[in-house]
Number of protein chains: 2
Amino acid sequence: MEFKEAKNKFVQTWGALGSQWGINKTMAQIHALLMVSNEPISMEDVMEELQISRGNASMNLRALMDWGIVYKEYKAGERREFFTAEKNLDELAVKIARERSKREIKPALKVLKEVSSIDSNATEEERHFVDQTTKLYDFVLKADNMLEKATEFKDNWLGRLVIKIMK
Amino acid sequence: MEFKEAKNKFVQTWGALGSQWGINKTMAQIHALLMVSNEPISMEDVMEELQISRGNASMNLRALMDWGIVYKEYKAGERREFFTAEKNLDELAVKIARERSKREIKPALKVLKEVSSIDSNATEEERHFVDQTTKLYDFVLKADNMLEKATEFKDNWLGRLVIKIMK
DNA sequence: TTAAAGTTTCAAAAATAAATGAAAGTTTAT
DNA sequence: ATAAACTTTCATTTATTTTTGAAACTTTAA
């Protein structure tokens with residue numbers, strides 16, 4: 001396999017993976033492209049390389065910046081803006097985890113708390129509902145905390161130990 | 001909030017959460033419904049409760065069974081089939097993690113290995129590509145292993161300790 | 001057997017999500 | 001101030017994913 005082919009395959013695969021995990025395909029592809037580029041890329045280049053429209057490129061680059069995993073760069077003497085990706089993978093994981101937690105898990109937790117707090121527990125059916133949603137709330141909360149804490153592992157001796165044992 | 005309203009809200013929320021994480025909405029909703037039901041539910045009931053077609057119900061129940069998180073049950077003297085969800089949340093998490101790893105992460109790892117193994121490293125650009133995809137491969141592999149090992153935590157004293165510390 | 005009760009399949013329709021592109025908006029150099 | 005270079009927005013179009021529903025299939029009881 002030659003370089004260009006490999007690069008393309010990587011971008012496609014990363015895009016597919018993204019869309020299976022609820023991140024839009026183009027967003028993931030742009031990210032992939034920036035990840036493996038050794039130098040900043042202009043919007044024009046992104047459009048060209050992925051064969052997408054200006055609007056699409058603009059919106060998804062913006063989204064990536066909102067997530068904090070892509071940065072704008074200015075080159076001296078250049079009018080255009082260039083983009084680079086966060087290349088430190090631990091940092092990347094932290095930011096993605098935080099963002100998804102904030103956007104999706106936290107709101108879901110709120111609802112779980114609400115629905116598990118109804119006072120009606122007259123019937124067996126209702127008791128089971130309250131019991132099960134309460135357990136779910138505790139579980140999701142714990143998982144969310146783990147995600148958060150896991151992101152602190154990298155600078156943390158215990159974390160390293162745990163990872164070593166788990167490996 | 002009364003019971004019926006709470007139940008509905010829970011089903012809707014679980015459905016939305018599912019679709020944000022790449023699991024189709026109806027599949028997640030059916031799962032939610034079964035999770036909070038204290039007794040087995042027939043396909044007819046699922047259709048009725050979620051207002052979906054027979055085909056849709058059938059396909060998604062099948063998918064849930066393929067994931068191993070919903071079971072068929074037979075009631076004595078009843079022709080129809082009934083369904084129940086895995087209600088143990090640790091077990092549920094294990095099965096979802098295994099399934100997604102198998103379906104999505106493993107294939108992605110295969111591609112990452114391939115593209116990071118191209119022998120061309122003539123230019124700076126190519127060297128950076130190989131370097132970055134190699135790191136990504138290692139990272140994803142490690143994350144995948146963690147997911148797998150994390151699923152063994154529940155029966156494991158060290159795991160409990162770690163969770164306690166992380167909490 | 002056979003027919004009733006139930007389940008699955010899959011081509012077509014509907015719903016949803018994403019992409020386009022042209023117009024509006026910015027910024028910068030002169 | 002203005003015009004060139006570039007970016008953003010968003011109504012419309014396009015692509016993708018999900019759902020439907022009717023026909024085919026399977027199972028069971030008589």
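Since we're looking at a predicted model, the values are computed, not measured. Naming convention: chains lettered A, B, ... in sequence-line order (proteins, then strands); numbering from 1 in each chain.
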Report all side-chain donor-acceptor pairs from residues 57-65 of chain A shorter than 3.5 Å, counting only partners two or more places apart or in another chain.
none

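Remark: B:D45 engages B:I41, B:S42 in a side chain to side chain contact (heavy atoms under 4.5 Å, CB included) (not counting sequence neighbours). By the salt bridge (charged side-chain N to carboxylate O under 4.0 Å, His left out) test, B:K7 is found to be paired with A:E125, B:E49, residues two or more places apart in sequence or in another chain being considered. Applying the side-chain hydrogen bond (donor to acceptor under 3.5 Å, both in side chains) test to A:S101 and every residue at least two apart in sequence or in another chain returns A:K106, A:D144. Contacts of A:E78 classified as salt bridge (charged side-chain N to carboxylate O under 4.0 Å, His left out), with partners at least two apart in sequence or in another chain: A:R80. Residues passing the salt bridge (charged side-chain N to carboxylate O under 4.0 Å, His left out) test with B:K135, sequence neighbours excluded: B:D131. Applying the ring-ring contact (aromatic ring centres under 6.0 Å, His included) test to B:F129 and every residue at least two apart in sequence or in another chain returns A:F3. Listed by chain and number, the residues in a salt bridge (charged side-chain N to carboxylate O under 4.0 Å, His left out) with B:E2 amount to none (sequence neighbours excluded).
Under the ring-ring contact (aromatic ring centres under 6.0 Å, His included) criterion, no residue pair touches residues 73-105 of chain A, with sequence neighbours excluded.
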Report, as a single string ordered 5' to 3', how protein heavy atoms within less than 4.0 Å touch nucleotides 3-13 of chain D: B base, S sugar-phosphate only, - not at all.
-BBSBBBB---
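Two residues are said to be in side-chain contact when any heavy atoms from C-beta on lie closer than 4.5 Å; B:E44 and B:R54 meet this criterion.
Of the residues in residues 19-42 of chain A, none lies under 4.0 Å from DNA chain D by heavy-atom distance.
Note that the first and last nucleotides of DNA chain C, 5' to 3', having any atom under 4.0 angstrom from a heavy atom of chain A are C:dA18 to C:dT28.
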